[in-house]
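Here is the structure we will look at.
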Amino acid sequence: QVQLVESGGGLVQPGGSLRLSCAASGLTLDYYTIGWFRQAPGKEREGVSCISGNGDSIYYADSVKGRFTISKDSAKNTVYLQMNSLKPGDTAVYYCATDPYGTNCLMGYSEGMDYWGKGTLVTVSS
């Protein structure tokens, strides 16, 4: 049974940092493309960042380039999202999800993901 469990969300002031974690079980991330997505209140879900199974391909949304970094620890079967210089516009529920075909995620699309975590809330506010 596949499970993705996010953690690391919370309340942070503008300009602050958070690191999100997504721990996977039931599959090996070395063989899966996995990404981070977010959904703010009243807005559609959007792709934030994605990393291929071998780590050679990475996607970032334009809105987070230069501020967010995705990484993966194969030994822990966990993917991370380091978020720096956070802005109020980054406030959202953040989800991790796996892409069975390794395509849509790396283009920033959320359609076609097969497994999703339950999400972790990030609030950027003073």
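Bear in mind the structure is a predicted one, so any value in this text is a computation, not a measurement.
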Would you find a donor on one side and an acceptor on the other, under 3.5 Å apart, between the side chain of Asn104 and the backbone of Glu111? yes

Flag yes if Phe37 and Ile70 sit in one hydrophobic cluster, no otherwise; membership is Ile, Leu, Val, Met, Phe, Trp, Tyr, and two members link when side-chain heavy atoms are under 4.5 Å apart. no

Per the disulfide bond (SG atoms under 2.5 Å apart) rule, what does the pair list look like for residues 79-126, sequence neighbours excluded? Cys22-Cys96, Cys50-Cys105

With sequence neighbours excluded, tell me which residues meet side-chain contact (heavy atoms from CB on, under 4.5 Å) with Ser125. Leu11, Thr123

Closest non-hydrogen atom pair between Ala92 and Ala40, with its separation: CB-N, 3.8 Å

Ignoring hydrogens, what is the shortest heavy-atom contact between Gly53 and Lys72? Give both atom names and the distance. O-NZ, 2.5 Å

Does the distance from a Lys or Arg side-chain N to an Asp or Glu carboxylate O, for Glu46 and Arg38, drop under 4.0 Å? yes

The reported gap from OG1 in Thr33 to CD1 in Ile51 (rounded to nearest 0.5 angstrom) is 9.0 Å

Straight-line distance of Thr69 OG1 to Asn84 CG, nearest 0.5 Å: 6.5 Å

Minimum heavy-atom distance between Glu6 and Tyr95, given as atom pair plus value: OE2-CA, 3.3 Å

N/O donor-acceptor pair under 3.5 Å between Thr78 side chain and Asp73 backbone: no

For residues Val48 and Val5: do they belong to one hydrophobic cluster (side chain heavy atoms under 4.5 Å, members Ile, Leu, Val, Met, Phe, Trp, Tyr)? no

Please report the closest heavy-atom contact between Pro14 and Ser126, naming both atoms and the distance. CD-N, 3.7 Å

Residue list, side-chain contact (heavy atoms from CB on, under 4.5 Å) with Val12, at least two apart or on another chain: Leu18, Leu86, Val124

Listed partners of Lys65 passing side-chain contact (heavy atoms from CB on, under 4.5 Å), at least two apart: Tyr60, Asp62

By side-chain contact (heavy atoms from CB on, under 4.5 Å) - contacts of Ala24 (at least two apart): Leu4, Leu27, Leu29, Asn77

Would you say the rings of Trp36 and Phe68 are close, in the sense that their centroids are separated by under 6.0 Å? no

Side-chain donor/acceptor of Ser52 to backbone N/O of Ser57, under 3.5 Å: yes

Qualifying residues under salt bridge (Lys or Arg N to Asp or Glu O under 4.0 Å), relative to Arg67, sequence neighbours excluded: Asp90

Taking atom OH of Tyr32 and atom CG of Asp114, what is their separation to the nearest 0.5 Å? 5.5 Å

Just verifying a value: how many Å separate Ile34 CD1 and Thr98 OG1, rounded to the nearest 0.5 Å? 6.0 Å

To the nearest 0.5 Å, what is the distance between OG (Ser7) and NZ (Lys118)? 14.0 Å

Nearest 0.5 Å please: distance from the CD atom of Gln1 over to the OH atom of Tyr115. 9.5 Å

